[in-house]
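Model, not experiment: these values are computed from the prediction.
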Amino acid sequence: MAENKASEYTEGTPCWVDAQLPDLEAGKRFYGELFGWTFEGRPTGAVRALKDGDPVASLARKTDGRLPTVWTVSFSTPDADGLCARIRAAGGQVVAPPAPLGDLGRTALVTDPEGAVFSLWQPGTATGFGRRHEPGTFAWVQLYARDTEAANTFYGDLFHDALFGEGADPGFGRAPVSEVFAPEMPPHLLVHFAVTELEPALEQVARLGGRTQVPPFETSYGTAAVVTDNQGASFALLRR
């Protein structure tokens with residue numbers, strides 16, 4: 001399913017995911033076996049993950065051991081500078097201002113008012129996922145927030161057309177932290193990857209050195225389970 005055109009991504013649509021890992025080679029082995037990904041190098045020093053030859057994610061080696069080992073979602077925008085200004089005005093923060101990645105596009109790292117971290121992507125030659133919403137690819141991102149009403153207002157104002165416009169298929173939901181995690185868990189965005197069946201996928205996660213963080217539970221968008229990889233990065237598996 002080719003979806004690698006900028007026109008596919010209304011501002012606020014999840015268009016890319018990347019992981020920051022201590023050991024890039026270990027990450028390639030883990031995700032290569034779990035999702036059937038292959039990898040190619042990029043000028044940025046990261047590797048791009050491919051599913052059946054189409055781009056689906058990227059993995060990068062952490063440059064600072066103090067940084068978290070995480071999956072981060074990027075939301076598409078035609079104007080990263082303008083969106084950063086709107087995020088600041090709405091109470092969020094700009095952690096890293098928009099910067100070019102060669103001719104691929106421009107990226108920025110930001111937070112919402114509660115501190116949940118996400119990225120922005122202004123496309124150049126790279127517009128986003130080549131495949132999504134199928135096994136081994138991005139399926140959903142869920143924000144776990146302390147105040148879901150405030151989160152709906154913040155993201156609804158920023159990404160109104162992607163979330164609520166005619167024919168919207170946002171792939172992005174909001175829920176209270178306490179719905180799935182302990183109340184003390186910080187607000188965060190959790191990337192979901194599609195799988196055909198959950199139990200075999202969870203067994204494979206364990207075999208590859210990961211663990212199940214939250215066992216399968218029902219949601220409005222499918223059955224999910226939260227796991228960590230063999231280096232501690234959390235993500236979710238989703239069966240629809």
Side-chain angles (χ1 to χ4, degrees), residues 1-5 8-9 13-21 23-42 44 46-61 69-76 104 118-119 121 123 126-142 169-173 189-240:
M1 175 171 60
E3 296 188 350
N4 204 24
K5 295 181 180 178
E8 295 285 348
Y9 298 107
T13 302
C15 67
W16 197 247
V17 290
D18 66 272
Q20 298 285 325
L21 304 172
D23 186 333
L24 189 56
E25 291 303 315
K28 290 165 63 177
R29 290 191 296 271
F30 181 92
Y31 291 102
E33 291 196 43
L34 182 61
F35 294 137
W37 291 352
T38 57
F39 300 92
E40 63 179 16
R42 303 297 289 171
T44 59
V47 295
R48 187 168 70 162
L50 308 176
K51 180 70 175 179
D52 298 328
D54 292 319
V56 294
S58 57
L59 308 180
R61 183 178 292 106
T69 300
V70 293
W71 276 98
T72 303
V73 64
S74 293
F75 293 96
S76 187
L104 299 176
F118 58 98
S119 289
W121 182 251
T127 55
F129 299 119
R131 290 174 180 262
R132 58 179 179 171
H133 303 162
E134 60 186 75
T137 72
F138 171 84
W140 189 264
V141 61
Q142 187 79 346
D169 181 20
F172 173 35
L189 289 114
L190 182 67
V191 172
H192 293 52
F193 294 103
V195 294
T196 304
E197 296 293 341
L198 272 177
E199 289 304 328
L202 291 173
E203 291 172 4
Q204 192 170 23
V205 165
R207 181 179 62 80
L208 293 170
R211 66 181 182 88
T212 298
Q213 188 175 357
V214 181
F217 58 97
E218 296 300 322
T219 75
S220 60
Y221 50 88
T223 306
V226 184
V227 300
T228 62
D229 67 16
N230 56 343
Q231 300 181 68
S234 294
F235 61 97
L237 303 173
L238 180 66
R239 179 177 60 79
R240 284 178 147 157

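Phe138 pairs in a ring-ring contact (aromatic ring centres under 6.0 Å, His included) with only one of the listed residues (Phe129, Phe235, Phe193, Phe35), which is Phe129. Paired with Phe75 under the rule side chain to side chain contact (heavy atoms under 4.5 Å, CB included), one option of Tyr9, Trp16, Trp121, Phe172 passes, and it is Phe172.
With sequence neighbours left out, Phe39 forms a ring pair (Phe, Tyr, Trp, His ring centres under 6.0 Å) with no residue at all. Residues passing the side chain to side chain contact (heavy atoms under 4.5 Å, CB included) test with Ala57, sequence neighbours excluded: Val17, Trp37, Ala49, Trp71. Residues satisfying the side chain to side chain contact (heavy atoms under 4.5 Å, CB included) test with Thr69, not counting sequence neighbours, are Leu21, Pro22, Lys62, Gln231, Ala233.
Between Pro170 and Pro14 the shortest heavy-atom distance is O-CD, 3.1 Å. In plain terms, the two heavy atoms of Leu190 and His192 that are nearest each other are O-ND1, 3.0 Å. Listed here is the closest heavy atom pair of Arg61 and Leu24: NH2-CB, 3.6 Å. In this structure, Leu198 and Ala225 approach most closely via the heavy-atom pair CD2-CB, 4.3 Å. Scanning all heavy atoms of the two residues, the minimum distance from Trp140 to Leu238 falls at CB-CD2, 4.0 Å.
Arg48 is listed as a side-chain neighbour of Leu50, based on a closest heavy-atom distance under 4.5 Å. The closest side-chain heavy-atom distance from Pro55 to Glu40 is not below 4.5 Å. In this structure, the side chains of Asn230 and Leu208 stay at 4.5 Å or more apart for every pair of heavy atoms. For the pair Asp229/Leu34, no side-chain contact is recorded, criterion being any heavy-atom separation below 4.5 Å from C-beta on. By the 4.5 Å heavy-atom criterion applied to side chains, Val227 and Gln213 are not counted as neighbours. Counting only heavy atoms from C-beta outward, the side chains of Asp169 and His133 approach each other to under 4.5 Å. Residues Ser234 and Thr228 form a side-chain contact, since some pair of their non-hydrogen atoms from C-beta on lies under 4.5 Å apart.
At least one donor-acceptor pair closer than 3.5 Å links the side chain of Arg131 to the backbone N or O of Lys51. Checked by atom type and distance alone, the side chain of Arg240 pairs as donor or acceptor with a backbone atom of Tyr221 at under 3.5 Å. Without hydrogens or angle criteria, Gln20 side chain to Thr72 main chain gives no donor-acceptor distance under 3.5 Å.
Of the inter-residue distances, the one linking Asp52 atom CG with Thr38 atom OG1 reads 8.5 Å to the nearest 0.5 angstrom. Glu203 CD to Glu197 CD: the interatomic distance, rounded to the nearest 0.5 Å, is 11.5 Å. A distance of 7.0 Å separates CD in Glu218 from CZ in Arg239, rounded to the nearest 0.5 Å. Here the CG-CG distance, from Asp18 to Leu59, works out to 8.5 Å after rounding to the nearest 0.5 Å.
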**Message:** Please evaluate residues Leu237 and Leu202 with respect to the criterion side-chain contact (heavy atoms from CB on, under 4.5 Å), reporting the C-alpha separation (whole Å), side-chain torsions for both, the decisive distance (0.1 Å), and the verdict.
**Reply:** CA-CA 8 Å; Leu237 303 173; Leu202 291 173; 3.9 Å; yes
